[in-house]
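Notes follow once the structure below has been shown.
One is the number of the first residue; the rest follow in order along the sequence. Indexing begins at 1, ligand by ligand and atom by atom, following the structure's order.
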Amino acid sequence: NFVSAVVPPGEIGIRFEDIGALEEIKKTLNELVILPMRRPELFSHGNLLRPCKGILLFGPPGTGKTLLAKALATEAGVNFISITGSTMTSKWFGDAEKLTKALFSFASKLAPVIIFVDEVDSLLGARGGGSEHEATRRMRNEFMAAWDGLRSKDSQRILILGATNRPFDLDDAVIRRLPRRIYVDLPDGANRLKILKVILAHEHLKSGFSFEKLADETEGYSGSDLKNLCVAAAYRPVQELLEDERKDYGNNEAPVLRPLDLGDFVQSK
Ligand code: ATP
């Protein structure tokens, strides 16, 4: 119970195609992670090509970092362990050494595996001088020691994937261990359009609905904001149907769910 999730490949249920936009990032992750994990023999000759051991995804909240991590595990066909920095520093209080060792020995057994560390800044943030909590400091040192101590065989089959909204808070030693850093930006209009197409792929939309118009009107929205907007709008037909049912005084026709109308849900950011 010291990790928030352990999921075998095939059970995550998220693939790259479920993520709108972010094509360049998917391509980079394919080269850095998927190929070496699927075809390790291609990376075991010479010194130039080595599987990447640590990647940092950074950028504003809700831009799809967690989604990318999960889809990456699916696409690479590897196990997925997810831990959250802030939960670890609060829950693991006092047991840092034991639990860190347990995490890494567990990961070695599950390898090939991606260990996703969300809010990596909480766990591996910069040294906070005298004010820093002793337990946090111990936790970070234990984590980095266990990470460095992975046997070389395991280190090629265990990828640490960190995510943060606060990259400048990370300790230099941690940054060095995450040699590939990928910025996950807020989507522009064209990318909001792609994300909306993914989010609304299976919805019954009101006739005349324009994806382009909605993408234009949602300047500043993250993927998560777009999803929340669509979910909020999807409730309205349900409420209307319940209302229709209440008003239906013996009419023969059963009320039907109206198509999704997103028109008046947008609030400018
Ligand atoms: P945080 O930094 O706050 O942890 P995050 O970058 O990890 O956020 P996610 O948790 O991956 O963001 O995204 C939240 C939700 O937003 C996703 O579960 C998904 O529903 C939606 N979402 C975000 N980006 C996209 C995208 N590019 N395509 C489709 N859905 C998206």
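Nearest protein heavy-atom contact of atom 8 (O) of ligand 1 is Gly62 N, 2.9 Å. Ranking the protein heavy atoms by distance from atom 14 (C) of ligand 1 puts Ser224 CB, 3.8 Å first. Considering only non-hydrogen protein atoms, atom 7 (O) of ligand 1 sits nearest to Thr66 OG1, 2.6 Å.
In this structure, Leu32 is a member of the same hydrophobic cluster as Leu22, with clusters built from ILVMFWY side-chain heavy atoms closer than 4.5 Å. One hydrophobic cluster holds both Leu56 and Val174 under the rule that ILVMFWY side chains link at heavy-atom gaps under 4.5 Å.
Atom CG of Leu123 and atom CE of Met144 lie 9.0 Å apart (nearest 0.5 Å). Rounding to the nearest 0.5 angstrom, the gap separating the CG atom in Leu103 from the CH2 atom in Trp147 is 11.5 Å. From Glu17, atom CD reaches atom CD1 of Ile19 across 10.0 Å, with rounding to the nearest 0.5 Å.
Among the atoms of Gly64, some N or O lies under 3.5 angstrom from an N or O of ligand 1. Residue Asp18 has no nitrogen or oxygen atom sitting less than 3.5 Å from a nitrogen or oxygen atom of ligand 1, judged on distance alone.
Only the side chain of Lys227 comes within 4.0 Å of ligand 1, counting heavy atoms alone; its backbone N, CA, C and O stay farther away.
Remark: ligand 1 atoms within the under-4.0 Å shell around heavy atoms of Ile19 are 26 (C), 27 (N), 28 (N). Of all atoms in ligand 1, listed by their number and element, those nearer than 4.0 Å to a heavy atom of Gly20 are 26 (C), 27 (N), 28 (N), 29 (C). Distances below 4.0 Å separate heavy atoms of Asn165 from the following atoms of ligand 1: 2 (O).
Not a single side chain to side chain donor-acceptor pair (under 3.5 Å) links Asn30 to another residue, sequence neighbours left out.
In this structure, the side chain of Asn79 engages the main chain of Leu110 through a donor-acceptor pair within 3.5 Å.
Note on residues 180-210: pairs passing ring pair (Phe, Tyr, Trp, His ring centres under 6.0 Å), not counting sequence neighbours, are Phe58-Tyr183, Phe209-Phe211.
Nearest-heavy-atom check against atom 30 (N) of ligand 1 across Leu67, Val198, Leu68 picks out Leu67.
Heavy-atom distances between Ala163 and ligand 1 stay at or above 4.0 Å for every pair.
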